[in-house]
Amino acid sequence: MTSLIQIFRRRAAPGDRFTALVRPHIQLMYRMAYRWTQNQSEAEDLVQDVLARLFPRLEELVALDKPGPWLVKVLYHRYVDLYRRRLNSPVDDSVSWSSDDAFFQGHLLDERNHFHQLELKRALNRALEELDDGWRDVVLLHDVEGYSALEVAEILEINVGTVKSRLHRARKKLKAALQLGTIEGAHAC
C-alpha cells in the first residue's frame, strides 16, 4: 500500500508538466507559423524548434500568467531570426509562396459554395501577401487570432498606437483589395 501512495506522490516528470502547459497552445502556434511561412513543413519545423528551445525553460513557462501570447511572441522572434539567417545565407533556400489550400479545406455541402469559398480564401491570401509584413502580422494576430491590441503590441514589441494605426491601414487596404469587382475568379475548364 505504501508503494502505491509513493507512486502517486511522485512529482510529475518535467516532460509531463511541459506537455500540459504547451498542449493547449500548439494549434495556435502552428496556425501562426503556417501563416508566416506559408509552408506546412516549415511551420512544423518552426514550432518544433521553438518547443525544443523552450523545454529547458520549463520553470519560466510555469511562472507565466498567460502563456499563449508569450509562446506566440517567442515563435515570432524565432521566425524572424530564421528569416534573417536565410536572407544572409549564400544558399538560395527561399520560402515557396504556394497557395496551398489544404489548410483551408472544409466539408461544405454544396460544391459551388465550396468553390466560391476557396476563391474567396485565395483572394484573401493574395491580399494578405500584398500587405507589408508589419501590417500582415498585426492583422493576423488581432483579427484572425483574436488578440487584443495591447497583447499584439506586447507580442510584436511595438506601441499600442502603432498597432492600431497599422490595423486601420491594413484593413483599409484589404477592403480595397477585396471589394466586389476586384476579385478575379478562376474558371473551370
Side-chain angles (χ1 to χ4, degrees), residues 12-89 93-107 121-122 124-160 162-164 166-167 170-171 174:
D16 297 340
R17 289 176 60 205
F18 183 79
T19 303
L21 285 169
V22 173
R23 181 174 298 204
H25 309 287
I26 294 290
Q27 289 287 19
L28 168 67
M29 291 175 70
Y30 175 76
R31 280 194 315 265
M32 292 308 301
Y34 182 84
R35 288 188 176 114
W36 286 322
T37 63
Q38 293 292 306
N39 184 296
Q40 181 179 357
S41 61
E42 286 185 20
E44 290 170 354
D45 289 345
L46 180 60
V47 171
Q48 183 177 353
D49 180 54
V50 167
L51 293 177
R53 289 171 175 268
L54 289 178
F55 185 74
R57 300 170 64 183
L58 177 63
E59 296 308 318
E60 186 178 345
L61 190 59
V62 170
L64 294 172
D65 290 335
K66 292 183 177 181
W70 186 81
L71 288 168
V72 172
K73 180 178 181 177
V74 171
L75 184 74
Y76 175 74
H77 285 290
R78 186 65 185 146
Y79 166 71
V80 169
D81 289 345
L82 293 174
Y83 180 75
R84 285 181 185 150
R85 184 175 297 151
R86 186 176 295 136
L87 284 179
N88 294 330
S89 173
D93 187 21
S94 59
V95 178
S96 63
W97 295 97
S98 64
S99 59
D100 181 18
D101 291 327
F103 186 78
F104 296 111
Q105 286 182 357
H107 300 288
K121 288 176 183 176
R122 285 184 185 131
L124 179 59
N125 278 339
R126 283 191 300 269
L128 283 169
E129 284 178 13
E130 291 176 11
L131 290 177
D132 294 337
D133 291 338
W135 292 8
R136 182 176 39 250
D137 294 338
V138 169
V139 168
L140 290 174
L141 288 169
H142 187 274
D143 290 347
V144 177
E145 294 302 331
Y147 286 108
S148 69
L150 185 61
E151 290 172 327
V152 173
E154 210 173 277
I155 290 170
L156 299 178
E157 295 180 343
I158 56 178
N159 293 328
V160 177
T162 305
V163 169
K164 291 178 180 179
R166 286 182 183 178
L167 189 59
R171 285 176 178 165
L174 285 173

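Hydrogens, waters and symmetry mates are skipped; everything else that's a heavy atom, side chains included, is used. Just so you know, these numbers come straight off a predicted model, no measurement behind them.
- Rounding to the nearest 0.5 Å places CD of Gln38 at 6.0 Å from CG of Asn125.
- Judged as a side-chain contact (heavy atoms from CB on, under 4.5 Å), and not counting sequence neighbours, the contacts of Glu60 are Arg57, Trp70.
- Using a distance-only test at 3.5 Å, with no hydrogens or angles considered, no donor-acceptor pair links the side chain of Tyr76 to the main chain of Ile155.
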side-chain contact (heavy atoms from CB on, under 4.5 Å), that's the test. Do Val144 and Arg35 meet it? Break it down for me. CA-CA 11 Å; Val144 177; Arg35 288 188 176 114; 3.2 Å; yes
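- Ion pairing between Lys73 and Glu151 fails under the 4.0 Å rule for side-chain N and carboxylate O.
- The side-chain contact (heavy atoms from CB on, under 4.5 Å) search around Val160 returns Ala149, Leu150, Ala153, Lys164, not counting sequence neighbours.
- Atom CE of Met32 and atom OG1 of Thr37 lie 10.5 Å apart (nearest 0.5 Å).
- Ring planes of Trp36 and Tyr79: parallel class, angle under 30° (limits at 30 and 60°).
- Legend: residues meeting ring pair (Phe, Tyr, Trp, His ring centres under 6.0 Å) with Tyr147, ordered by chain and number and at least two apart, are absent.
- Summarising the geometry, atom CG belonging to Leu71 is positioned 8.5 Å from atom CG belonging to Leu28; distances are rounded to the nearest 0.5 Å.
- In this view, Asp133 and Arg136 satisfy the side-chain hydrogen bond (donor to acceptor under 3.5 Å, both in side chains) rule, not counting sequence neighbours.
- Annotation for Pro67 and His25: closest pair CG-NE2, 3.6 Å, computed over non-hydrogen atoms.
- Of all heavy-atom pairs spanning Leu174 and Ala127, the tightest one is CD2-CB, 3.5 Å.
- The shortest distance between side-chain heavy atoms of Val22 and Phe55 does not fall below 4.5 Å.
- Closest approach of Leu141 to Glu145, counting heavy atoms only: O-CB, 3.5 Å.
- Within the 4.5 Å cutoff, the side chain of Leu156 has no heavy atoms near those of the Val163 side chain.
- The side-chain hydrogen bond (donor to acceptor under 3.5 Å, both in side chains) check on Asp143 picks up Arg171, with sequence neighbours excluded.
- From Leu64, atom CG reaches atom CG of Leu21 across 9.0 Å, with rounding to the nearest 0.5 Å.
- Note that CG of Asp137 is 12.0 Å distant from CG of Leu167, once rounded to the nearest 0.5 Å.
- Checked against side-chain hydrogen bond (donor to acceptor under 3.5 Å, both in side chains), Glu44 has the following partners two or more places apart in sequence or in another chain: Gln40.
- Atom CG of residue Leu46 and atom CG of residue Leu51 lie 9.5 Å apart, to the nearest 0.5 angstrom.
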